[in-house]
Amino acid sequence: MNRERRGCAVRMDRRRFVHTAGVLAAGSVLGYSLTGCNAELNYLLPSLGPAPPPTPVPGMTYIWASQIGCALDCNLENGLNKFSGGAATDDGPRINAAMAGATAANPITLIIDGSALISGLFLPAGGYWSIAGLGSGTGFYTMSGSNCDAIKNASPNSTVPFDPGPPAPATRGSNVSLSNFTLNGNQNRVSTTGMREGTATTWYCGINLISLNNISIENLVVVNVPTYHVRLSDVGNVTVSGCILQSVGPLTDGLHFDGPANDIAISNCKFATGDDSIALNCPEGYSGNIERVTVSNCTFNSWSLMRLYTHYGQSNKYTIDTVSVSNCNGTLSEYGFPIGLSSGSLPNSVTSLTISDCDLTTSAVLAMAENFGNIVLQNVNFTPSQKTVAWVQPQSNRVCAFMRPSPYYPGVTVVGSSLSFQNCSIVRKSNMKAAAVILQAGSEINSVEFDGFGAQDNYSPIEELIDIEEGAIGLLEINSLNSTNIESLVQPGGFTNISSVTGTGTGVLATGWEFPDAVMANGVPYISATTGQPSIKINGVVEPYDPS
């Protein structure tokens with residue numbers, strides 16, 4: 001989620017209202033109770049099983065937590081002493097002291113071979129340290145009243161604000177690895193500030209890493225956090241794999257990236273978060289562009305799959321470039337990809353986004369409130385659902401769609417370069433309205449392509465594939481489109497908002513829909529709305545089409 005401060009308090013209030021209304025429904029889906037601490041914790045510790053100690057690497061110093069005096073007496077479910085049921089021992093100070101000497105010349109790995117209560121781990125800002133557990137039965141529980149991130153690459157008294165703004169530091173630290181342990185963020189009792197999330201200016205994260213290159217996060221279970229499970233700000237060359245990120249409530253983003261950030265690979269993770277599973281938020285942190293992000297083989301049961309935005313009304317504007325999401329599936333209570341917050345983004349600000357081989361149940365795969373470059377949807381099955389969607393007014397309709405105006409940020413004019421559907425399907429589970437594209441508020445897309453598309457269900461036909469209420473499409477290309485169970489391409493009069501229709505082969509003709517002669521490109525067979533017969537334009541002149 002975006003922090004939405006700096007004059008955006010109204011949006012924050014709306015988010016809180018929406019989340020409060022939806023948390024109980026989310027709880028029934030995730031299978032836990034929201035009444036009482038102990039009941040809530042029943043679901044919190046999914047297991048990834050045991051793991052061996054790390055293979056020794058020459059030059060690395062290895063420190064076992066049990067050998068530096070750590071008590072390791074904490075129950076990771078509730079933070080109590082696992083032997084007596086009383087107070088556990090704070091092992092944070094011993095770990096911090098042992099890890100303080102990590103440098104490029106002396107990299108250190110902590111082997112956490114038990115379960116530790118911590119008041120916060122504040123590890124060298126420049127990196128060259130690792131934490132390796134022996135499986136998800138080992139790890140950390142954040143002590144009540146600690147008022148800090150659980151794990152951070154900074155001193156406890158760091159003067160760097162949560163959102164320092166540009167410019168980012170000229171150099172980054174390097175080489176941080178976290179693997180094979182559990183972190184329980186103690187969401188409901190970590191703060192004594194009067195706010196679960198921290199303070200008005202600083203939020204408490206599970207893991208908070210800033211200004212680093214070469215970060216590896218593997219096989220972690222991170223649960224019950226006050227805000228972001230993992231916050232990564234001004235980072236590069238990041239790999240996250242095999243993790244389970246699971247918490248309820250607003251602000252609990254799974255993997256939250258602040259700009260600038262580059263070269264990020266996320267794979268084989270499970271997200272069950274009360275907010276965005278993944279967030280790419282350029283104007284937060286130091287602020288900057290985000291580029292080259294891949295997500296693959298992940299599952300989602302969250303507020304959204306991935307938030308992307310490049311500005312929120314301030315003078316600094318950024319871009320997000322080359323993002324791909326593949327082989328993923330999930331149910332998103334609000335929307336799949338919320339893109340943007342408000343008008344005024346740079347042209348093509350989300351430069352390139354590809355979503356492939358995914359099955360998504362949500363109100364909109366793409367919830368638009370920002371300009372975009374090239375978006376490709378390939379082998380995506382979309383199941384419309386709006387059980388928990390918050391429709392902020394004004395909205396001219398509440399129809400689910402592959403791409404539509406954001407339910408939460410309506411009235412934003414969006415300009416896009418190209419949108420391509422390749423072998424995509426709408427798969428309804430009820431007799432509800434749905435569409436491929438809905439354009440409002442004067443939004444425009446220069447090019448929309450259908451190269452394999454259909455409605456794969458047995459309910460009443462979809463009324464119109466494209467709803468152009470207040471917008472325009474430049475070139476509409478239909479190469480392959482199964483019109484069965486789709487009544488029409490656009491509503492009556494909708495062709496006035498399409499400049500030209502084209503397609504390869506007989507793709508347009510095969511739809512069986514009628515097209516005005518004026519919008520048809522030369523050399524494309526179609527059924528003429530004037531004659532009702534197969535036709536083709538040759539040098540601008542409409543002629544009968546003879547397939548022989």
Side-chain angles (χ1 to χ4, degrees), residues 1-2 4 8 10-11 14-15 17-18 276 303-313 320 332-350 353 355 360-375 377 380 382 384-421 424 426 432-448 462-474 476 489-491 494 497-498:
M1 170 185 174
N2 57 297
E4 295 181 339
C8 298
V10 173
R11 290 200 194 99
R14 287 174 176 172
R15 291 290 290 221
F17 171 80
V18 170
D276 307 316
W303 172 268
S304 79
L305 192 157
M306 177 187 286
R307 179 178 296 277
L308 303 90
Y309 81 96
T310 65
H311 86 115
Y312 47 58
I320 297 174
L332 298 316
S333 61
E334 186 71 10
Y335 24 41
F337 295 78
I339 298 178
L341 305 176
S342 59
S343 298
S345 60
L346 295 172
N348 301 322
S349 59
V350 177
L353 170 63
I355 306 166
L360 302 176
T361 299
T362 187
S363 67
V365 176
L366 302 162
M368 304 305 300
E370 184 160 324
N371 300 328
F372 64 92
N374 302 315
I375 295 180
L377 299 163
V380 177
F382 165 48
S385 173
Q386 46 179 274
K387 292 180 181 178
T388 57
V389 179
W391 297 95
V392 176
Q393 296 304 317
Q395 299 276 355
S396 61
N397 69 53
R398 298 186 177 186
V399 176
C400 296
F402 263 98
M403 173 184 281
R404 63 155 292 129
S406 172
Y408 207 77
Y409 304 105
V412 177
T413 300
V414 170
V415 176
S417 291
S418 70
L419 172 65
S420 176
F421 295 94
C424 294
I426 297 174
M432 66 187 308
K433 292 184 177 181
V437 180
I438 299 174
L439 294 178
Q440 298 173 356
S443 296
E444 301 178 3
I445 305 176
N446 294 334
S447 172
V448 176
I462 290 172
E463 293 178 4
E464 57 203 12
L465 189 64
I466 301 174
D467 183 353
I468 312 178
E469 297 180 2
E470 298 175 9
I473 291 174
L476 176 62
L489 178 67
V490 294
Q491 68 271 40
N497 297 323
I498 298 174

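The basis for the numbers below is simple: all heavy atoms, side chains too, and nothing from hydrogens, waters or symmetry mates. Keep in mind that what you see is a predicted model, and the values were worked out from it rather than measured.
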*Can you check side-chain contact (heavy atoms from CB on, under 4.5 Å) on Leu377 and Leu366, steps first, answer last?*
CA-CA 10 Å; Leu377 299 163; Leu366 302 162; 4.1 Å; yes
*Is there a side-chain contact (heavy atoms from CB on, under 4.5 Å) between Thr310 and Glu370 once you walk through the steps?*
CA-CA 8 Å; Thr310 65; Glu370 184 160 324; 2.4 Å; yes
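- Taking each heavy atom of Ser406 and Ala369 in turn, the nearest pair found is CB-CB, 4.4 Å.
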_Would Met403 and Ile375 count as a side-chain contact (heavy atoms from CB on, under 4.5 Å) here? Give the steps._
CA-CA 10 Å; Met403 173 184 281; Ile375 295 180; 4.0 Å; yes
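- Between Gly373 and Asn348, the closest heavy-atom pair is CA-OD1, 3.3 Å.
- With values rounded to the nearest 0.5 angstrom, Phe382 atom CZ is found 11.5 Å from Ile355 atom CD1.
- Taken to the nearest 0.5 Å, the CG atom of Leu419 stands 10.0 Å off from the CZ atom of Phe402.
- Residue Asn371 comes nearest to Ser349 through the heavy atom pair O-OG, 2.9 Å, listed as atom of the first residue, atom of the second, then distance.
- Taking both residues in full, the closest heavy atoms of Gly336 and Thr362 are given as N-OG1, 3.5 Å, listed atom of the first, atom of the second, then distance.
- Between the CD1 atom in Ile466 and the CD1 atom in Ile473 there is a gap of 4.0 Å [rounded to 0.5 Å].
- Closest approach of Glu464 and Ala435 over heavy atoms only: O-CB, 3.9 Å.
- Counting heavy-atom neighbours within 6.0 Å of Glu463 CD, excluding the residue itself, gives a total of 12 or less.
- Between the CE atom of Met368 and the OG1 atom of Thr413 there is a distance of 12.5 Å, given to the nearest 0.5 Å.
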*Test log, rule side-chain contact (heavy atoms from CB on, under 4.5 Å), inputs Ile438 and Val399*: CA-CA 8 Å; Ile438 299 174; Val399 176; 3.8 Å; yes
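- Using modelled atom types and a 3.5 Å distance limit, the side chains of Asn397 and Glu469 yield a donor-acceptor pair.
- Side-chain contact between Arg404 and Gln440 is present, with heavy atoms from C-beta onward closer than 4.5 Å.
- A donor atom on one side chain and an acceptor atom on the other are not found under 3.5 Å apart for Asn374 and Ser417.
- The shortest non-hydrogen separation linking Tyr409 to Gly340 is CD1-O, 3.9 Å.
- In this structure, Ser342 and His311 have side chains that are in contact, with non-hydrogen atoms separated by less than 4.5 Å.
- Counting only heavy atoms from C-beta outward, the side chains of Leu360 and Leu305 approach each other to under 4.5 Å.
- With values rounded to the nearest 0.5 angstrom, Ile445 atom CD1 is found 4.0 Å from Phe372 atom CZ.
- To the nearest 0.5 angstrom, Leu353 atom CG is 6.0 Å from Phe337 atom CZ.
- A donor-acceptor distance shorter than 3.5 angstrom exists from the side chain of Ser443 to the backbone of Val414, with no hydrogens or angles considered.
- At a cut-off of 3.5 Å, with distance as the only test, no side-chain donor of Gln386 or Ser363 sits close to an acceptor on the other residue.
- Residues Trp391 and Tyr408 have side chains not in contact (no heavy-atom distance under 4.5 Å, counting atoms from C-beta outward).
- With no hydrogens or angles considered, no side-chain donor-acceptor pair links Ser304 and Glu334 at under 3.5 Å.
- Evaluated for a side chain to side chain contact (heavy atoms under 4.5 Å, CB included) with Leu476, the options Val437, Val490, Ile498 yield exactly one hit, Ile498.
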